[in-house]
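The structure under discussion appears below in the form of structure tokens.
In what follows, every heavy atom counts, from backbone to side chain, and hydrogens, waters and symmetry copies are set aside.
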Amino acid sequence: MPDLWVGNHANQPNLYINNGDGTFTDAINQYWAGLPNADTHGAVWTDLDRDGALDLVELVGAQSGVGAGSNHVFMNQAGSFINQAQAKGLDYPLGRGRTPLPADFNQDGRTDFVFSGFYRAGGATELFMQDTYTSFSPQAASQGMTLPTQAHKSAQLADLNNDNTLDLIVNSYNFPHRIFDPRTLPMTVITKSLNIPTNTSVQDVVFADFNNDLYTDIYVASYPERRLSEVAQFSTTEVRFRLTNDGTQTKGVTFTSTTSPTFDLGGTLANAIFIGHAATLPQASTFTLNAQDPYAQGIAPLTTPGIYIGFNTVSQAWEVTAFKTTLQGNATNPSSLNLLTSSGLSNPIPTPSRLFLNLGNNTFAEQPIPATFGRSAVAGDFDNDMDIDLYIVESGTALNKPNVLLLNDGTGGFQKVASGAEGTIQGIGDSVSMADYDQDGYLDLFVSNGEGLRPFINLGPQQLFHNQGGSNHWLEIDLQGTSSQAEGIGTIVYVTSGGVTQKREQNAGIHKNTQNHARLHFGLAQNTNIDTVTVLWPSGKTTFLNNVGIDQIINIQE
């Protein structure tokens with residue numbers, strides 16, 4: 001049964017061991033002793049050395065790009081994990097790592113990696129080829145993986161040009177950014193030939209066959225992230241605000257407080273905070289003000305860019321104004337605090353997420369779907385009715401938004417439904433990963449809510465949503481490569497049952513900062529027999545299975 005790693009960006013991670021009874025035990029203290037917390041981002045389970053045990057590779061952001069920070073390569077040695085990043089040449093301390101992608105680009109059976117990351121001198125997105133089972137070397141330039149010097153959030157695999165080979169997609173805030181055909185090395189850039197419409201503010205990308213025509217379609221999760229200003233009454237004792245400098249001179253919020261409020265301005269420099277009519281500087285970015293203190297009363301003239309805070313003795317309310325600057329913060333009061341008004345919160349109209357259907361001729365057409373603004377997304381047959389659904393983690397900048405389940409009507413059309421997995425208002429929605437953790441044949445969800453929380457002290461929870469299932473049947477497949485990579489990454493599998501053929505790609509389950517369980521899942525509706533399973537391995541070999549039983553997990557060896 002699958003276990004779960006949660007990186008917890010700059011905090012101690014979690015390693016949740018699946019107990020096999022629907023519960024997990026956090027065993028991180030067995031493995032993390034003596035290791036410092038790091039600027040961690042995406043991680044992936046994969047078998048680096050073909051010993052049959054999954055290892056863990058986690059990318060580190062090099063202290064937000066201002067220092068150095070070695071990646072983690074935890075080799076699984078009989079259930080104990082040993083960090084061997086430097087010994088294997090994968091430490092890459094100057095890389096601002098975001099998401100690792102395992103694959104076998106030269107078809108030698110060994111796992112290679114694309115480490116996506118934000119650009120900095122000496123630490124760009126890189127392709128690491130495995131020279132032996134003990135070492136890797138950077139080979140992006142020699143293998144044709146040339147990229148603009150931009151922020152790269154993830155690299156993924158999908159067959160977009162319909163040649164039965166998974167292409168390499170490197171994602172930025174615009175999509176498509178750069179797409180490579182890796183059939184022969186050096187790789188060939190095929191971005192323009194695919195005629196995919198341009199998308200902006202991209203957070204995550206999902207590749208799946210949404211209309212069962214056996215072509216891989218594209219869902220682009222878009223959200224303008226930190227460019228939005230927002231003010232929210234989080235509770236009766238807390239107001240949260242993000243006031244973004246987007247060219248507007250001033251943005252502000254007004255609230256009342258029964259007693260002295262505490263302001264947490266999230267690391268804003270104290271010399272950019274001006275209190276009261278005299279623009280008094282606080283000692284730190286977290287402080288408590290009393291309406292009766294003369295120095296806290298009034299607002300100084302808005303001259304220097306910064307944060308202006310004061311108590312209006314006429315309206316008997318607190319005023320917070322961001323002048324030509326960006327503020328993320330909150331105000332709390334253990335008794336009562338009440339949001340009155342906000343001003344200047346004009347936001348750009350965000351572009352909703354979009355779905356593009358693959359027409360099979362290197363052309364993609366947009367399919368209308370309900371409006372969503374996603375930070376992270378997964379695609380799976382959540383009701384086992386033989387079509388692919390979507391789950392989207394929505395978000396906010398001051399208050400979390402409900403997550404969305406879109407059920408597929410069988411033609412690539414979608415409808416929002418109540419799911420019980422809408423999530424929490426606490427924190428800020430970050431990532432979702434997908435796995436059938438209890439092996440009941442229905443896909444479950446794990447959601448983290450920790451992104452962008454500073455200075456909000458009440459961090460969002462980790463949430464595990466168990467799929468309650470139904471009467472529909474299913475099949476799950478583990479792949480075991482011999483000539484191909486150990487988990488069969490790059491393989492395409494077709495399952496035919498009840499006159500319907502479904503397609504899945506073994507792409508390691510990678511999307512932004514996250515990995516889904518790599519086990520392939522097929523819903524079978526009410527069909528009680530599987531006619532054929534066809535497996536196209538990256539090596540060129542093909543495996544055929546006939547009359548396969550339902551409601552089981554099978555292992556297919558190359």
Task: Test salt bridge (Lys or Arg N to Asp or Glu O under 4.0 Å) applied to Glu319 - qualifying residues, sequence neighbours left out - done: none

Task: Heavy-atom pair of closest approach, residues Asn516 and His511 - done: OD1-NE2, 3.4 Å

TODO: Over all heavy atoms of both residues, which pair between Thr514 and Val432 is shortest? Give the atoms and the distance, please.
DONE: CG2-O, 3.3 Å

Open item on the list: Is there a side-chain contact between Phe115 and Val57 in this structure, where contact means two heavy atoms from C-beta onward sitting under 4.5 Å apart?
Closed with: yes

Task: ring-ring contact (aromatic ring centres under 6.0 Å, His included) involving Tyr391 - partner list, sequence neighbours excluded - done: none

TODO: Could you tell me whether Arg96 sits above the aromatic face of Phe118, with NZ or CZ closer than 6.0 angstrom to the six-membered ring centre and within 45 degrees of the axis?
DONE: no

Open item on the list: According to side-chain contact (heavy atoms from CB on, under 4.5 Å), who are the partners of Thr372, at least two apart in sequence or on a separate chain?
Closed with: Tyr219, Ser353, Ile392, Glu394, Val404, Leu406, Lys416

- [ ] Anything under 30° is parallel, anything over 60° is perpendicular, the rest tilted; go ahead and classify Trp5 against Phe74.
- [x] tilted

Task: Listed partners of Phe287 passing ring-ring contact (aromatic ring centres under 6.0 Å, His included), at least two apart - done: Phe263

Task: Interatomic distance, Asn71 atom CG to Gln86 atom CD [nearest 0.5 angstrom] - done: 12.0 Å

- [ ] Take Thr216 and Leu160 through the side chain to side chain contact (heavy atoms under 4.5 Å, CB included) test and state the conclusion after the steps.
- [x] CA-CA 6 Å; Thr216 300; Leu160 297 181; 4.2 Å; yes

- [ ] Can you sort out the partners of His517 under ring-ring contact (aromatic ring centres under 6.0 Å, His included), two or more places apart, ordered by chain and number?
- [x] none

Open item on the list: Does Thr125 form a side chain to side chain donor-acceptor pair (under 3.5 Å) with Ser116? I'd like the steps, not just the answer.
Closed with: CA-CA 5 Å; Thr125 293; Ser116 63; 5.5 Å; no

TODO: Kindly write out the residues that satisfy ring-ring contact (aromatic ring centres under 6.0 Å, His included) with Phe24, not counting sequence neighbours, or none if the list is empty.
DONE: Tyr437

Open item on the list: What's the separation between atom CG in Asn507 and atom CD1 in Ile169, rounded to the nearest 0.5 Å?
Closed with: 8.5 Å

- [ ] Answer yes or no: is there a side-chain heavy-atom contact under 4.5 Å between Leu345 and Thr244?
- [x] no

- [ ] Specify whether Tyr92 and Phe128 have parallel, tilted or perpendicular ring planes, treating 30° as the upper limit for parallel and 60° as the lower limit for perpendicular.
- [x] perpendicular

Open item on the list: For Gln316, I'd like to know if atom CD has over 12 heavy atoms of other residues, nucleotides or ligands within 6.0 Å.
Closed with: yes

Open item on the list: Aromatic contact between Phe373 and Tyr223, with the criterion being ring centroids under 6.0 Å apart: yes or no?
Closed with: no

Open item on the list: Once side-chain hydrogen bond (donor to acceptor under 3.5 Å, both in side chains) is applied, do any residues pair with Ser285, and if so which ones, sequence neighbours excluded?
Closed with: none

Task: Side-chain donor/acceptor of Arg120 to backbone N/O of Gly95, under 3.5 Å - done: no

TODO: Please confirm whether the backbone N or O of Gln12 pairs with a side-chain atom of Asn8, one donor and one acceptor, at under 3.5 Å?
DONE: yes

Task: side-chain hydrogen bond (donor to acceptor under 3.5 Å, both in side chains) partners of Gln292, counting only residues at least two apart - done: none

Task: side-chain contact (heavy atoms from CB on, under 4.5 Å) against Pro176, all qualifying residues, sequence neighbours excluded - done: Ile179, Thr191, Ile196

Task: Contacts of type side-chain hydrogen bond (donor to acceptor under 3.5 Å, both in side chains), residue Asn408, not counting sequence neighbours - done: none

TODO: Flag yes if more than 12 heavy atoms outside Gln63 fall under 6.0 Å of its CD atom; otherwise flag no.
DONE: yes

Task: Qualifying residues under side-chain hydrogen bond (donor to acceptor under 3.5 Å, both in side chains), relative to Thr250, sequence neighbours excluded - done: none

- [ ] Using a strict 4.0 Å threshold on nitrogen-to-oxygen distance, state whether Lys401 and Glu230 make a salt bridge.
- [x] yes

- [ ] Decide yes or no for Asn400 and Thr424: does some side-chain heavy atom of the first lie under 4.5 Å from some side-chain heavy atom of the second?
- [x] yes

Task: Results of salt bridge (Lys or Arg N to Asp or Glu O under 4.0 Å) for Arg354 - residues two or more places apart only - done: Glu366

Open item on the list: Checking the side chain of Asn312 only, and the main-chain atoms of Ser315 only, is there a donor and an acceptor separated by less than 3.5 Å?
Closed with: yes

TODO: Ignoring hydrogens and angles, tell me if any N or O in the side chain of Glu126 forms a donor-acceptor pair with the backbone of Gly123 under 3.5 Å.
DONE: no

